[in-house]
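What follows is a short report on a single structure.
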Amino acid sequence: MNIVEKILSEHLVEGEMKVGKEIGIKIDQVLTQDATGTMAYLQFEAMKVKKIKAELAVSYIDHNTIQVGPENADDHAYLKSMAAKYGAVFSRPGNGICHQLHLERFGAPGKTLLGSDSHTPTGGGLGMIAIGAGGIDVAVALGGGPFFLAVPKVIKIELKGKLKQWVTAKDVILAVLEKLSTKGNVGCVLEYGGSGVQSLEVPERATITNMGAECGVTTSVFPSDEVTKTFLEAQDRGDVWTEVKADEDAEYEKIIEINLADLNPLAATPHSPGNISSVASLAGKKIDQVIIGSCTNSSYRDLKTVAKILADTKVNSEVDFGIAPGSRQVMAMLAKEGLLTNLINAGARIYESACGFCIGNHASPKSDGISLRTSNRNFEGRSGTGSAQIYLVSPEIAVLAAINGRIVDPTLMDELKYPKVNQPKAFDIDDSMFIFPPKSGSDVDIVRGPNIGEVPVNEGLPEKFDGEAVIKVGDQITTDHIMPAGQRLKYRSNVAKYSEFVFENTDPEFAKRAAANRDKGVHNIIVAGDSYGQGSSREHAALCPMYLGVKAVIAKSIERIHCANLINFGIIPFVFVKGADSEKINAGDKLVIEGLRDAISGNGKVVVKCGESGQELALKVVVTERQKDILLKGGLLNTIK
Ligand code: MIC
Ligand code: SF4
């Protein structure tokens, strides 16, 4: 067996391990963050479970830490009280980014981890099966219920050789993205192996599995070996180490070979993590901003390398330069070693250890600005500046650009010395920003500020949709397009308010039009191209459209997490039987679909009659028996007793 088959079969509670078939797996560890966590916990409450049943649950506060107005702090207070009452560890704001912290303090080889964040696969760097999902699926896992997924196709990425100086883990995952692109990988897992694996430390492996999310795969995983053991021992957690490796004769869907020694520095260019160019081809490009941080690249190794490069240097006066350390551990160790001084002296703006800039919460570039970032997503508008151009690179390339004011390729500059940074024998451990739950939390009162809303529920599926193509969008529409984050993020716990911003940057009138249709009894239908719903796990990209009366999406293809979220909220994820038919529907067309309940209970095939002409187009929805029940009842919450 390969690693994926091993871990999944050890956790199998329902179904059969046959590629493409739905299975239910036991979830050992659960991770939430505040932006998705409030909704996950509200849904957990609605399920009326007395105590969290997963082995470990950690509720991180890292996304909404800006606190302009009371909303974010209200959410934090709610989550803190929920953690104490139901038995989760609470990670206080300022402690760091969930994925970095989980890697440092909780992740364990061979375990399963479900997180309400699409970059949960960061844990794959430790040899665990770590999957991102919508909040309600995570709520089910908190309550001890299984997580359902299709048995994945496992693609092996066979690594050979060793990275050259100035070439990093970021370049490995950008090279993988160049080969696989951001679409067409639904239902696959990337399993890393080969002799090159041992040259990569755990945080480097985690950079690679983290950004595997951008390929649209279910997760990515590395073996757990001596390198993993050394990392866990340095975190004083050697006891959780166990070896995880594939059998010699393990089988894979396909094997992609990458010789690490052949790689060169790469960049993802605007506006997709899949648009890959060599740094050499971008050299000389003038830039306005550089930000180093995010769950992809803000480990101790990353930031120490940056600090060493910055020693006795000043940042270019044309560049707005910021650094957001991944965790308090990283920041404290840099401070202790005197390296924080290098950053401060060079002119870096030191941001909080949080998501911040990455989700467009602050530090937006100037209009038309060119920004180099070490994060994982450069979707149009995500930075908070619609006209900005975001390039994704390694910390090494980012810091050199900050010094030079333009992109430089260090592999072409002989005089530059590469600062080799070794992992410390022991990381400094201070868990005081985690609040561990009391044995019995039964007398804890839940704190509900005015920002904590109700979870809306959908009605059961009608026999017929009498609808309208309320919007028509193209290919690769991300959840950032559907449900913007940034300055709107503070409304995550208030669905009625947040819904006003659905498709805000694509079609500012969308929410009003959809709500008016809903109030007239017209069923709203979204028409889309390929790879609809790329990116984040935010279930609000389904929940808020549901609130606005969206009943179905008709697309050429839909990404995994978003598809599951649509089903969980009773929105039907139709795909065109013939992709080219999408051309035949225009925005505003009347769309009628009859015989819905029979079709959903049966083979999932329907026709949509569109426009005045009433021309008929074939659609299908591919769902399991479990999902059919959810759709018929109008969402997962309606199926839970
Ligand atoms: C992201 O990177 O897009 C986020 C913000 O972390 C999301 C979660 C969210 O929208 O709250 C994700 O990746 O799932
Ligand atoms: Fe936070 Fe950015 Fe990572 Fe999402 S991708 S978890 S916003 S740092």
Side-chain angles (χ1 to χ4, degrees), residues 31-40 60-66 72 75 79 91 93 95-103 114-123 130-135 137-138 173 206-207 209-214 216 219 268 273 291-299 302 322-327 330 351-363 373-379 381-384 390 392 478-486 488-493 498 501 533-544 559-562 564-565:
L31 157 174
T32 52
Q33 42 90 338
D34 51 315
T36 53
T38 37
M39 207 36 75
Y60 293 94
I61 306 294
D62 56 358
H63 278 61
N64 278 325
T65 55
I66 297 297
N72 298 163
D75 287 355
L79 287 168
S91 173
N95 202 19
I97 304 173
C98 56
H99 308 304
Q100 172 69 23
L101 285 169
H102 208 83
L103 200 72
L114 193 73
S116 62
D117 192 282
S118 65
H119 291 106
T120 304
T122 314
I131 303 179
D137 283 333
V138 169
I173 187 58
T207 294
T209 57
N210 168 287
M211 218 179 151
E214 275 44 77
T219 190
I291 309 191
I292 296 175
S294 92
C295 58
T296 317
N297 272 123
S298 56
S299 65
D302 285 338
I323 297 188
S327 69
V330 171
Y351 293 130
E352 193 177 8
S353 291
C355 296
F357 79 95
C358 174
I359 194 179
N361 232 346
H362 69 92
R373 297 172 167 216
T374 63
S375 43
N376 46 37
R377 290 186 174 146
N378 57 347
F379 303 145
R382 177 176 162 102
S383 68
I390 312 293
L392 306 175
T478 70
T479 51
D480 279 289
H481 290 104
I482 306 169
M483 206 56 265
R488 307 303 184 197
L489 201 57
K490 65 182 187 182
Y491 300 121
R492 280 286 173 93
S493 323
Y498 199 28
F501 307 109
Q534 276 195 359
S536 136
S537 70
R538 65 190 70 152
E539 62 187 354
H540 297 79
L543 179 55
C544 294
E559 292 296 307
R560 173 188 70 89
I561 308 182
H562 187 58
N565 286 339

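Order of listing sets the numbers, starting from 1, for every ligand and every atom in it. Everything quoted here is computed from the prediction, not taken from an experiment.
For the pair T36 (side chain) and S116 (backbone), a donor-acceptor distance under 3.5 Å is present. Between the side chain of T374 and the backbone N or O of G293 there is at least one donor-acceptor pair closer than 3.5 Å. Using a distance-only test at 3.5 Å, with no hydrogens or angles considered, a donor-acceptor pair links the side chain of S353 to the main chain of P325.
At a 3.5 angstrom cut-off on N or O pairs, D117 counts as close to ligand 1. Annotation: D480 places no N or O atom under 3.5 Å from an N or O atom of ligand 1; distance criterion only. Considering both main-chain and side-chain atoms, T36 never comes within under 3.5 Å of ligand 1 through any nitrogen or oxygen pair. Annotation: R538 places an N or O atom under 3.5 Å from an N or O atom of ligand 1; distance criterion only.
Side-chain contact annotation: Y351 with H362, donor-acceptor N/O pair under 3.5 Å absent. Residues N210 and N376 bring a donor and an acceptor atom of their side chains to less than 3.5 Å of each other. Using modelled atom types, one finds a donor on one side chain and an acceptor on the other under 3.5 Å when comparing T65 with E352. Counting only N and O atoms by type, the side chains of Y498 and R492 include a donor and acceptor under 3.5 Å apart.
Annotation: protein N, O or S atoms under 2.8 Å of atom 1 (Fe) of ligand 2 (waters excluded) comprise C355 SG.
By the 4.0 Å N-to-carboxylate-O rule, R538 lies close enough to D480 to be salt-bridged with it.
In the vicinity of S537, heavy-atom distances shorter than 4.0 Å reach the ligand 1 atoms 12 (C), 14 (O). Taking a cut-off of under 4.0 Å to the non-hydrogen atoms of N376, the atoms of ligand 2 that pass are 5 (S). Of all atoms in ligand 1, listed by their number and element, those nearer than 4.0 Å to a heavy atom of A35 are 11 (O). When each atom of ligand 1 is checked for a heavy atom of H63 under 4.0 Å away, the hits are 4 (C), 5 (C), 6 (O). Using a 4.0 Å cut-off to heavy atoms of I359, the atoms of ligand 1 that qualify are 5 (C). Remark: ligand 1 atoms within the under-4.0 Å shell around heavy atoms of R377 are 1 (C), 2 (O), 3 (O), 12 (C), 13 (O).
Remark: among candidates Q33, R492, H540, the nearest residue to atom 8 (C) of ligand 1 is Q33, based on non-hydrogen atoms.
Shown here are the side-chain contact (heavy atoms from CB on, under 4.5 Å) partners of T219, two or more places apart in sequence or in another chain: P121, I129, I131, V189.
Between S118 and the options E559, R560, R377, a side-chain hydrogen bond (donor to acceptor under 3.5 Å, both in side chains) holds for only R377. Among D62, D117, T296, the one residue that satisfies the side-chain hydrogen bond (donor to acceptor under 3.5 Å, both in side chains) test with H99 is D117.
Not a single heavy atom of M483 sits less than 4.0 Å from an atom of ligand 1.
Here R382 has side-chain heavy atoms under 4.0 Å from ligand 1, and that is the only part of it that gets that close.
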Check the pair Q33 / C355 against side-chain contact (heavy atoms from CB on, under 4.5 Å), numbers first and verdict last.
CA-CA 10 Å; Q33 42 90 338; C355 296; over 6 Å; no

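Nearest protein neighbour of atom 13 (O) of ligand 1, counting heavy atoms only, is S118 OG, 2.5 Å.
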